Amino acid sequence: MSKTKSDFIREILWRGFMHQCTDIDALDEAASKGVITGYIGFDCTAPSLHVGSMVQIMQLRRLQQAGHRPIVLIGGGTTKIGDPSFRDEARPLLDDAMIAENKAGIRKIFERFLTFGDGPSDAIMVDNDDWLSELKLVPFLRDAGRHFSVNRMLTMDSVKLRLDREQPLSFLEFNYMVLQSYDFVELYRRFECVLQMGGSDQWGNIVNGVDLGRRMADAQLWGLTTPLITTASGAKMGKTVEGAVWLNAEMRSPYDYWQFWRNTEDADVGRFLRLFTDLPQDEIERLEALDGSEINEAKKVLANEATRLCHGEAAAEDAAETARRTFEEGASGDALPVAAISREQLDEGFLFYEGLKETGLAASNGEARRLIKGGGARVNDKVVNDEFHKLGPDDLDGDGTIKLSAGKKRHALLRLA
């Protein structure tokens with residue numbers, strides 16, 4: 001595109017949020033001339049969002065920081081149907097009570113990232129159940145359904161992949177894209193919302209909404225998607241061997257959240273600093289330039305900043321201090337057991353279960369192996385299920401220690417002699 005005019009487009013391009021846009025030059029022009037309103041939808045399939053939603057949450061934050069108005073659309077209505085995108089089978093249908101409980105948990109998250117109120121750039125939160133549950137079938141089909149071609153709907157990835165695999169797709173799920181498109185029309189009518197954002201897997205649904213707004217309301221709307229975020233090793237963002245990295249503290253502690261970011265792969269640190277922190281460009285570029293053992297300092301900054309945004313300053317400081325005492329002082333509350341290990345042992349590969357026994361976390365090698373096979377043993381806070389796993393030099397932290405854990409409360413250190 002030509003040189004950017006708006007702070008919003010300039011910032012999301014630099015930080016790596018841009019994947020596709022229906023008309024980036026026109027959107028940039030509109031954002032440079034006044035306040036625009038944009039939204040992202042979040043279905044209520046769980047009582048919390050997880051790290052996989054952080055790109056979208058931060059996208060709304062960037063929109064507000066640039067002086068525009070974000071809308072958080074809670075999918076109380078669309079959750080009753082279930083988004084079929086890139087799923088092999090239908091989502092379990094939730095009852096109204098479960099959806100209401102999930103909505104309450106999700107609402108709390110956004111208060112940490114956005115400023116809500118009545119000002120021109122203050123965020124608002126709405127629920128699409130307010131209009132979707134009030135629709136009458138025949139009028140809706142006449143007003144909105146006539147603009148959708150079944151031929152085209154069958155070519156959408158969310159539908160085509162399921163059919164190509166000869167997996168069933170219910171008529172209920174087939175209508176999800178129609179209702180999501182209609183959400184955009186309603187938000188335009190109610191709040192003059194002109195921008196829908198989402199992950200790259202939502203591109204087809206978003207384009208449908210832009211087109212439906214033009215047909216039903218003669219509206220100039222835009223769609224913008226973010227790239228699918230994977231780690232340098234190809235893992236899906238937010239998924240660990242322990243499960244999803246939830247954003248609500250009651251589902252994942254601030255300390256464990258801090259550790260998730262602290263364990264970021266070296267190759268991802270700079271990218272994640274851009275996406276998931278508010279640090280300015282010059283500071284991120286300084287941290288990106290660190291290498292060797294110094295990259296651990298950048299990881300700690302990433303963990304501190306990401307935890308501060310999600311859980312607050314006090315929780316971030318507590319998590320960082322707990323980690324510092326555990327890894328740097330060998331203490332966490334009471335002093336942790338410490339066992340020495342030589343460089344030669346690590347170079348040859350030191351059996352994990354022997355480390356558990358040497359540090360006193362298991363009474364015998366047999367007990368240690370059973371602990372590992374049961375999923376109760378960790379190396380540097382990562383679950384290891386292979387009973388014959390070997391520890392090596394790559395497991396050392398910057399201060400020459402390896403943290404071993406039995407369960408969530410018993411820890412010990414192997415320290416390089």
Side-chain angles (χ1 to χ4, degrees), residues 39-54 56-57 60 71-114 116 123-141 144-145 148 153 156 158-159 161-163 165 167-187 190 196 198-199 201-202 204-206 208-209 236 238-239 242-252:
Y39 89 97
I40 300 177
F42 300 86
D43 279 349
C44 314
T45 54
S48 172
L49 299 176
H50 56 69
V51 163
S53 297
M54 275 301 302
Q56 276 65 59
I57 294 171
L60 289 172
I71 294 178
V72 178
L73 179 65
I74 299 294
T78 41
T79 302
K80 296 176 181 178
I81 297 173
D83 185 357
S85 298
F86 300 97
R87 292 182 61 86
D88 291 337
E89 57 186 18
R91 295 180 185 273
L93 293 179
L94 305 180
D95 60 29
D96 289 348
M98 183 60 72
I99 291 175
E101 182 179 331
N102 291 347
K103 279 196 294 188
I106 291 172
R107 286 178 191 273
K108 294 188 299 183
I109 295 169
F110 288 96
E111 295 173 357
R112 308 169 199 154
F113 292 91
L114 301 173
F116 290 85
I124 58 176
M125 184 177 292
V126 296
D127 186 342
N128 63 14
D129 194 50
D130 291 346
W131 55 82
L132 294 183
S133 290
E134 298 300 317
L135 291 174
K136 294 182 178 181
L137 180 59
V138 172
F140 177 69
L141 291 177
F148 285 82
M153 292 170 73
M156 305 297 286
S158 59
V159 173
L161 290 175
R162 186 85 69 86
L163 297 180
R165 295 169 182 169
Q167 294 161 335
L169 178 74
S170 71
F171 180 71
L172 182 68
E173 295 175 280
F174 189 63
N175 281 282
Y176 186 93
M177 70 177 75
V178 179
L179 296 181
Q180 180 174 329
S181 300
Y182 184 72
D183 281 343
F184 203 173
V185 176
E186 277 292 329
L187 291 173
R190 295 175 182 228
Q196 181 183 178
D201 60 335
Q202 294 298 312
N205 291 338
I206 290 173
N208 280 337
K236 189 174 182 180
K239 297 292 184 180
E242 296 177 334
V245 181
W246 301 106
L247 303 184
N248 283 353
E250 57 268 25
M251 296 183 67
R252 191 179 185 95

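Note that the coordinates shown come from a computational prediction; the quantities given were computed from them, not determined experimentally. The analysis underlying the following values was restricted to heavy atoms, covering all of them including side chains, and did not include hydrogens, waters or symmetry mates.
- Taken from NE2 in H50 to CE in M251, the straight-line distance is 10.0 Å, to the nearest 0.5 Å.
- Rounding to the nearest 0.5 Å places CE of M125 at 11.5 Å from CD1 of I71.
- Taking each heavy atom of I74 and D127 in turn, the nearest pair found is O-OD1, 3.1 Å.
- With sequence neighbours excluded, the residues that form a side chain to side chain donor-acceptor pair (under 3.5 Å) with N128 are T78, D183.
- What you find for S181 and G209 is that their closest heavy atoms are OG-N, 3.4 Å.
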One pair to check against side chain to side chain contact (heavy atoms under 4.5 Å, CB included): D129 and K80. What are the steps and the verdict? CA-CA 9 Å; D129 194 50; K80 296 176 181 178; 3.0 Å; yes
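- Smallest separation of non-hydrogen atoms from I106 and A46: CD1-O, 3.6 Å.
- Around CE of M98, the count of heavy atoms belonging to other residues, nucleotides or ligands within 6.0 Å does not exceed 12.
- Side-chain contact between Q202 and Q56 is absent, with no heavy atoms from C-beta onward closer than 4.5 Å.
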* Decide side chain to side chain contact (heavy atoms under 4.5 Å, CB included) for V126 and L187; before the verdict, give the C-alpha distance in whole Å, the side-chain angles of both, and the deciding distance to 0.1 Å. => CA-CA 9 Å; V126 296; L187 291 173; 3.8 Å; yes
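- Y39 and Q180 get closest at one heavy-atom pair: OH-O, 4.0 Å.
- Within the model, atoms CD of E111 and CZ of R107 stand 9.5 Å from one another, a figure rounded to the nearest 0.5 Å.
- A search for side chain to side chain contact (heavy atoms under 4.5 Å, CB included) contacts involving A123 returns Q64, P70, L114, F116, not counting sequence neighbours.
- Pairing each heavy atom of R190 with each of E186, the nearest pair is NE-OE1, 2.7 Å.
- Put simply, the side chain of S48 gets close to the backbone of N248: a donor and an acceptor are under 3.5 Å apart.
- The closest donor-acceptor contact from the side chain of N208 to the backbone of M177 lies at 3.5 Å or more, if one exists at all.
- For E134, there are no salt bridge (charged side-chain N to carboxylate O under 4.0 Å, His left out) partners two or more places apart in sequence or in a different chain.
- Considering all non-hydrogen atoms of both residues, G76 and C44 come closest at N-SG, 4.1 Å.
- Between the CG atom of L179 and the CZ atom of F184 there is a distance of 16.0 Å, given to the nearest 0.5 Å.
- Contact annotation: the side chain of F110 approaches that of L49 to within less than 4.5 Å [non-hydrogen atoms, C-beta and beyond].
- By the 4.5 Å heavy-atom criterion applied to side chains, F113 and M54 are counted as neighbours.
- For D43 (side chain) and T45 (main-chain N/O), no donor-acceptor pair under 3.5 Å exists by modelled atom type.
- Residue I99 holds its CD1 atom at 5.5 Å from CG of L94, rounded to the nearest 0.5 Å.
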